[in-house]
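Below you'll find the structure, written out as structure tokens, and then a few comments.
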Number of protein chains: 2
Amino acid sequence: MMRTRTMSGGGAGRESGSTAGLALSRSRQDYLKALLQLADRSPAPVTALARHLGVSAPSVTHMLARLADERLVSLHHRGAARLTPEGSRQALRIVRRHRILETFLVRALGLDWSDVHEDAEVLEHHVSERVLDALDRFMKHPTEDPHGHPIPDARGRVARRALAPIGELPAGARAVVREIRDRDRARMTRWKQAGLVPGAQLVIRAANRDDDVYEIEVAGRRLVTGSEGLDGVLVQRVGRRAT
Amino acid sequence: MMRTRTMSGGGAGRESGSTAGLALSRSRQDYLKALLQLADRSPAPVTALARHLGVSAPSVTHMLARLADERLVSLHHRGAARLTPEGSRQALRIVRRHRILETFLVRALGLDWSDVHEDAEVLEHHVSERVLDALDRFMKHPTEDPHGHPIPDARGRVARRALAPIGELPAGARAVVREIRDRDRARMTRWKQAGLVPGAQLVIRAANRDDDVYEIEVAGRRLVTGSEGLDGVLVQRVGRRAT
DNA sequence: CCCCGATATTAGCCTTGACTAATCCTCAAG
DNA sequence: CTTGAGGATTAGTCAAGGCTAATATCGGGG
Ligand SMILES: [Mn+2]
Ligand SMILES: [Mn+2]
Ligand SMILES: [Mn+2]
Ligand SMILES: [Mn+2]
């Protein structure tokens, strides 16, 4: 026996090139997805990955070594990692699944959008291609998930949009909420109650960066909040005139 | 800090009670389901389980020991096993999930009923209670899956029906197909093409048990077949008069 | 009553993916 | 330069679930 890659167990590991269906483990899929988010501009440090994935740093070092072996990530200074083109393709595939599933859970099954993330986090790894396609068809090929995130198309392309975190807006700015980060359920629920949902219009009434206090008017109501996590709300500016 | 992953191992079995949410592994769930089928009348032998599950006999012995430890199965003569009441409850819970999922895949997503078994086999372990309930609601609480199998209710009760395998019918008998065993895709596909689907009416034209040849009239067509696997078709006799 | 063949079990390994403890780097501040 | 505090990595374990090879056991035929 030589390398032992892939085909352990009683499988048929006949892949070869780079395109074939290699069936990544759940864990690997989650690492790749994390890298897609964290290594957007510069390579993601081990610690950031560990925090994001809820595992220890040694676990990350170890897994990154294996992923690098498999040409899914490249390693950089001080162990930081980024996706290779193939890794990126795989990651986008999972993101697509995740978002299609979330959309299905909300639109078809009527679950609450602040609730569906963890279900999708599991199912994204277990739904077959056939079922995924059927879900996509069932919903007429949606392009955005319930949190406003764009759904990559079947070839992994995402519409890149120019959005800003809410905290970066100057006082007086008008904007429309486009995306709500979906990993913090408690915060999502609070935001939803405050009217901070995809599509909502808002005006920044005051932005005191020194004291970290923001005053936002959303849907008629006034919301005063610290910036903590406020970068999870991405908005698009509108009405460019100054106040 | 509590990790969400892993946590299973560690120490003494801290379950004690019987009703708590113990979160059985996928493997355990499949063993229990297999026992529900195989140990219907008498305890299931190790070998039968191994064959059914596609694992080696030592793996079965080992897992049965653990399940017995956890009071989910009881061990009998020569290692044969059967479900305890708690094991039975768990098994029925998985069967319910399996069948609700199959029904959803066929009725809502339009997948073919000869195709959905393997998808359900995976998803049954990963769909949350919340999603399962939503699916059940979405389909208005179905009572039969696409193969005609009864769906256990939320408390695990199944409508027991008095059905006979097709091979047991005498020549001349009339019957309606009620259930098609769903684990053999190839056979299922053939049967479907022959019109042998849930609800179909049939007449046994000839049953030659010695030569193992059966001649069946289904939906106007004539089907000649060996008994091989024919016990996977369960029927209900109708029209009791002799020919 | 003994022996053989089918069944089951034991022993020993393997892989995956985590963890902790101990150690090793790096780099920026003094 | 030197040094120390954060990273990152190495070393050693663990649990789950598999597997194969070797061994034990049961039960029926001669
Ligand atoms: Mn996930
Ligand atoms: Mn989302
Ligand atoms: Mn299963
Ligand atoms: Mn079925």
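- For B/H76, the side-chain hydrogen bond (donor to acceptor under 3.5 Å, both in side chains) criterion is met by B/S74, not counting sequence neighbours.
- Using modelled atom types and a 3.5 Å distance limit, the side chains of A/R181 and A/H149 yield no donor-acceptor pair.
- Using a 4.0 Å cut-off, some side-chain N or O of A/Y31 falls inside it from OP1 or OP2 of C/dA18.
- Contacts of residues 37-57 of chain B with DNA chain C (heavy atom under 4.0 Å): B/P45, B/V46, B/T47, B/A57.
- Looking at heavy-atom distances under 4.0 Å, A/S59 makes contact with a base.
- Taking atom NE2 on B/H62 and atom P on D/dA16, their separation rounds to 9 Å, with Å as the unit.
- With hydrogens and angles ignored, the 3.5 Å screen pairs no side-chain donor or acceptor of A/R107 with any backbone N or O of A/D145.
- Over its full length, the helix from C/dC1-D/dG30 to C/dG30-D/dC1 turns its helical axis through 30°, comparing axes from the five pairs at each end and rounding to 10°.
- Note on residues 119-138 of chain A: pairs passing ring pair (Phe, Tyr, Trp, His ring centres under 6.0 Å), not counting sequence neighbours, are A/H126-B/H126.
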What donor-acceptor contacts under 3.5 angstrom involve side-chain atoms of residues 98-106 of chain A, with partners at least two apart or in another chain?
residue : atom : partner : partner atom : Å
A/H98   : ND1  : A/E124  : OE1          : 2.9
A/H98   : NE2  : A/E102  : OE2          : 2.8
A/H98   : NE2  : A/H117  : ND1          : 3.1
A/R99   : NH1  : A/P150  : O            : 2.7
A/E102  : OE1  : A/H147  : ND1          : 3.0
A/E102  : OE2  : A/H117  : ND1          : 3.3
A/T103  : OG1  : A/R99   : O            : 2.6

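- By the salt bridge (charged side-chain N to carboxylate O under 4.0 Å, His left out) test, A/R96 pairs with A/D136, sequence neighbours left out.
- Heavy atoms of B/R26 sit nowhere under 4.0 angstrom from any nucleic acid atom.
- Nucleotide C/dA8 holds its P atom 10 Å from the CG atom of B/L64, rounded to whole Å.
- Put simply, CD on B/Q29 is 15 Å from C1' on D/dG17, counting in whole angstrom units.
- Put simply, CG on A/D30 is 17 Å from P on C/dT16, counting in whole angstrom units.
- Applying the salt bridge (charged side-chain N to carboxylate O under 4.0 Å, His left out) rule to B/R130 yields the partners A/D115, A/D119; only residues at least two apart in sequence or on another chain are considered.
- Nearest to the side-chain atoms of B/R66 among the listed nucleotides D/dA16, C/dG17, D/dG18 stands D/dA16.
- Across the protein-nucleic acid pair, B/D69 atom CG and D/dA15 atom P stand 14 Å apart, rounded to whole Å.
- Note: CG (B/L75) to C1' (C/dT7) measures 15 Å, nearest angstrom.
- Evaluation of the side-chain hydrogen bond (donor to acceptor under 3.5 Å, both in side chains) rule for A/D40 yields no partner, not counting sequence neighbours.
- A/T84 contributes a side-chain N or O that, together with a main-chain N or O of A/L72, makes up a donor-acceptor pair within less than 3.5 Å.
- Qualifying salt bridge (charged side-chain N to carboxylate O under 4.0 Å, His left out) partners for B/D153, counting only residues two or more places apart in sequence or in other chains: B/R157.
- For B/E144, the salt bridge (charged side-chain N to carboxylate O under 4.0 Å, His left out) partners are B/R161, not counting sequence neighbours.
- Straight-line distance from the CG atom of B/L67 to the P atom of D/dG17: 9 Å, rounded to whole Å.
- In this view, B/S56 and B/S59 satisfy the side-chain hydrogen bond (donor to acceptor under 3.5 Å, both in side chains) rule, not counting sequence neighbours.
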Once each nucleotide of nucleotides 21-26 of chain C is scored for protein heavy atoms under 4.0 Å, what B/S/- sequence comes out, 5' to 3'? B----S

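- If B/G79 and A/M63 are placed on DNA chain C by their nearest nucleotide, the residue sitting closer to the 5' end is B/G79.
- Checking the phosphate oxygens (OP1, OP2) of D/dT10, no side-chain nitrogen or oxygen of A/T61 falls inside 4.0 Å.
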